[in-house]
Amino acid sequence: MLKKKDFGKDFKWGVTISAFQNEGAAFEDGKSASIWDTFTSDSENVNDGESPGSTSDFYHNYKKDIKRARKLGFKVFRFSLSWPRIIPDGKGEPNPLGIDFYNRVIDTCLKQGLEPWVTIYHWDLPQVLEDEGGWTNREILQWFSNYVEVVTSAFGDRVKHWIVMNEPMTFVGLGYFTGYHAPGRNGIGNFMKAAHHATLCMAEGGRIVKRNVGDAEVGVALSCSYVRPVNKFLFNRSAARRVEGLLNRFFIEPLLGLGYPTDIIPALNIIKSNYLPGDEERLEFDFDFIGLQYYFRVVAKFSLFPPVLFATEVPPWSRKTKLNSMGLDVYPKGLSSLLNFYSKYDNIRKIILTESGVCYPDFLRGDKVNDARRKKYHQKMLKQVKKAIKRDIPVGGYFVWTLVDNFEWREGFKPRFGLVYNDFKTQNRTVKASGKWFKKFLRDE
Ligand code: NOJ
């Protein structure tokens with residue numbers, strides 16, 4: 001039986017959301033377009049031609065939602081700031097109405113007894129900056145630093161937990177290599193530039209947070225996957241190691257001072273063509289915690305395409321495995337080996353699971369949503385966490401993705417991840433069985 005006390009009294013229990021996925025109000029109170037506003041304005045870029053509209057309208061419902069998080073028993077509320085809401089021209093003066101909104105959100109969290117954990121960048125780059133090259137332009141280092149200065153000066157008196165960036169591999173890989181996500185660009189050159197600039201910005205962001213908010217804890221949130229080879233053949237095993245290099249080591253290692261994982265993917269050396277003198281040191285920063293976000297397992301095999309990686313994924317639908325409603329291979333047990341893996345790095349002091357969740361189709365029947373599978377999923381993940389803590393792996397928190405169903409990027413509204421069901425037409429919220437389970441679990445001492 002899972003008991004809250006098995007996780008220790010300092011363990012952080014949280015829920016998490018993001019600006020673009022939850023806020024709506026895309027052009028209210030002076031906000032400018034983000035790359036995701038532009039991208040989703042073309043219905044071809046979203047499943048079923050959906051558009052985010054007001055999504056779960058956090059901009060107007062934030063009080064109710066934060067209160068709901070507290071009622072479910074959580075103590076941490078993680079949300080992200082929208083760069084184009086705070087600095088509409090990307091580089092210059094802050095928008096007082098944007099700052100006011102987040103002041104209200106932060107104050108509501110504090111009033112409800114929730115610790116605000118702020119993500120500075122969760123993929124919604126101002127479109128005006130993308131027009132100048134976005135993440136592929138090295139000037140982003142200045143633009144991003146200015147943005148971090150602005151938000152830490154505005155909110156640092158009350159916000160003591162900062163996550164500089166969310167899942168760089170997702171927004172760089174899908175946004176600048178495959179073009180599946182905004183801004184829809186592709187190619188290896190774009191990928192390498194964007195990736196290097198994102199790493200520099202994470203480290204620089206960490207330094208600015210520490211300088212401006214002396215008593216802050218700062219981290220980054222990285223995606224990771226449990227990777228295994230399709231069979232025992234050597235060429236498939238080494239393909240799986242390269243995929244691990246890309247998905248699990250690419251960003252953490254330069255931040256820890258180990259450089260990009262060129263040992264396993266030698267072609268990654270081409271990223272160095274984007275280095276300026278001093279970059280090697282600039283990439284390194286000693287974070288207080290590392291956020292991990294594990295959603296799916298990858299089965300890898302050797303392939304000539306794409307070159308550089310020489311590996312590909314065996315599609316989950318072609319294997320006998322459990323899929324979520326995005327067709328991803330759901331495998332909670334993989335968390336154990338990932339936590340083991342990350343705990344071996346000398347300089348990782350604390351791990352927080354800054355997101356964890358699953359999407360399954362949900363049905364509102366009367367006033368109930370019986371999402372038994374989601375409840376089970378979280379229980380299974382938590383069992384892995386409990387085991388890891390027993391093995392002295394320093395896992396310090398579990399944040400559920402997500403509080404209320406929201407807009408799942410290119411996949412639109414179909415994948416529901418929330419502990420609370422949302423009717424997107426009426427904005428009526430209904431706590432699902434998974435949410436009720438958390439409420440009970442978090443109450444027990
Ligand atoms: C990770 C991302 O941070 C979040 O935005 C997304 O909704 C979840 N994964 C689920 O796919």
Side-chain angles (χ1 to χ4, degrees), residues 14-24 34-37 39-40 46-47 50 52 55-56 58 65 76-83 117-125 162-175 178 180-182 198 202 219-226 247-248 251 290-298 316 323-332 334-335 338 352-362 371 373-374 377-378 381 397-420 422 424 434:
V15 278
T16 167
I17 66 165
S18 87
F20 177 76
Q21 293 175 274
N22 290 72
E23 285 177 6
S34 76
I35 52 174
W36 273 97
D37 294 314
F39 193 71
T40 54
V46 186
N47 258 6
E50 282 176 324
T55 170
S56 57
F58 183 72
D65 281 346
V76 168
F77 190 76
R78 176 187 169 206
F79 60 96
S80 76
L81 305 172
S82 156
W83 187 344
W117 284 51
V118 167
T119 311
I120 297 177
Y121 185 76
H122 197 130
W123 310 354
D124 47 353
L125 186 74
W162 294 85
I163 293 171
V164 179
M165 202 176 273
N166 182 73
E167 292 199 359
M169 185 46 82
T170 315
F171 80 81
V172 171
L174 299 183
T178 67
Y180 187 71
H181 270 192
M202 282 191 276
V220 283
L222 305 175
S223 51
C224 57
S225 283
Y226 172 70
L247 299 184
N248 300 341
F251 286 105
I290 296 299
L292 293 181
Q293 317 196 147
Y294 165 55
Y295 283 91
F296 56 91
R297 162 169 63 178
V298 172
L323 304 182
N324 67 14
S325 52
M326 279 162 73
L328 300 170
D329 177 353
V330 172
Y331 186 65
L335 181 61
L338 284 166
I352 305 276
L353 297 171
T354 39
E355 276 185 27
S356 175
V358 69
C359 52
Y360 288 125
D362 289 323
D371 61 336
R373 282 197 290 176
R374 180 172 298 103
Y377 178 84
H378 283 293
M381 291 290 274
Y398 185 87
F399 300 174
V400 174
W401 182 270
T402 182
L403 179 63
V404 177
D405 294 333
N406 60 15
F407 189 76
E408 179 56 28
W409 309 106
R410 190 169 176 127
E411 272 70 33
F413 288 114
K414 203 169 118 218
R416 290 177 178 266
F417 281 86
L419 296 180
V420 178
N422 192 36
F424 291 100
S434 57

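Both counts, for ligands and for their atoms, begin at 1 and track the order of listing. For clarity, every value in this text was computed on a predicted model and none was experimentally measured.
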Legend entry - Residue, atom name and distance, where the atom is the protein heavy atom closest to atom 1 (C) of ligand 1: Glu355 OE1, 2.9 Å
Legend entry - Proximity flag His122 to ligand 1, non-hydrogen atoms under 4.0 Å: yes
Legend entry - Numbered atoms and elements of ligand 1 in range of Gln293, under 4.0 angstrom, heavy atoms: 3 (O)
Inset, instruction - Have a look at ligand 1 and work out which part of Asn166, if any, has a heavy atom under 4.0 Å from it: side chain, backbone, both or neither. - result: side chain
Legend entry - For Glu408, atoms of ligand 1 separated by under 4.0 Å from a heavy atom: 6 (C), 7 (O), 10 (C), 11 (O)
Inset, instruction - Could you list the atoms of ligand 1 found under 4.0 angstrom from a heavy atom of Phe417? - result: 10 (C), 11 (O)
Inset, instruction - Please confirm whether Arg416 makes a cation-pi placement over Tyr360, using NZ or CZ under 6.0 Å from the six-membered ring centre and within 45° of the ring normal. - result: no
Inset, instruction - Check whether any side-chain N or O of Trp83 sits under 3.5 Å from a backbone N or O of Tyr121 as a donor-acceptor pair, and report yes or no. - result: no
Inset, instruction - Could you point out which residue of Trp401, Phe58, Phe413, Phe20 forms a side chain to side chain contact (heavy atoms under 4.5 Å, CB included) with Asn406? - result: Trp401
Legend entry - Donor-acceptor pair, side chain of Ser325 and main chain of Cys359, under 3.5 angstrom: yes
Legend entry - Residue of the set Ile120, Val118, Thr119, Thr16 for which side chain to side chain contact (heavy atoms under 4.5 Å, CB included) holds with Ile163: Thr119
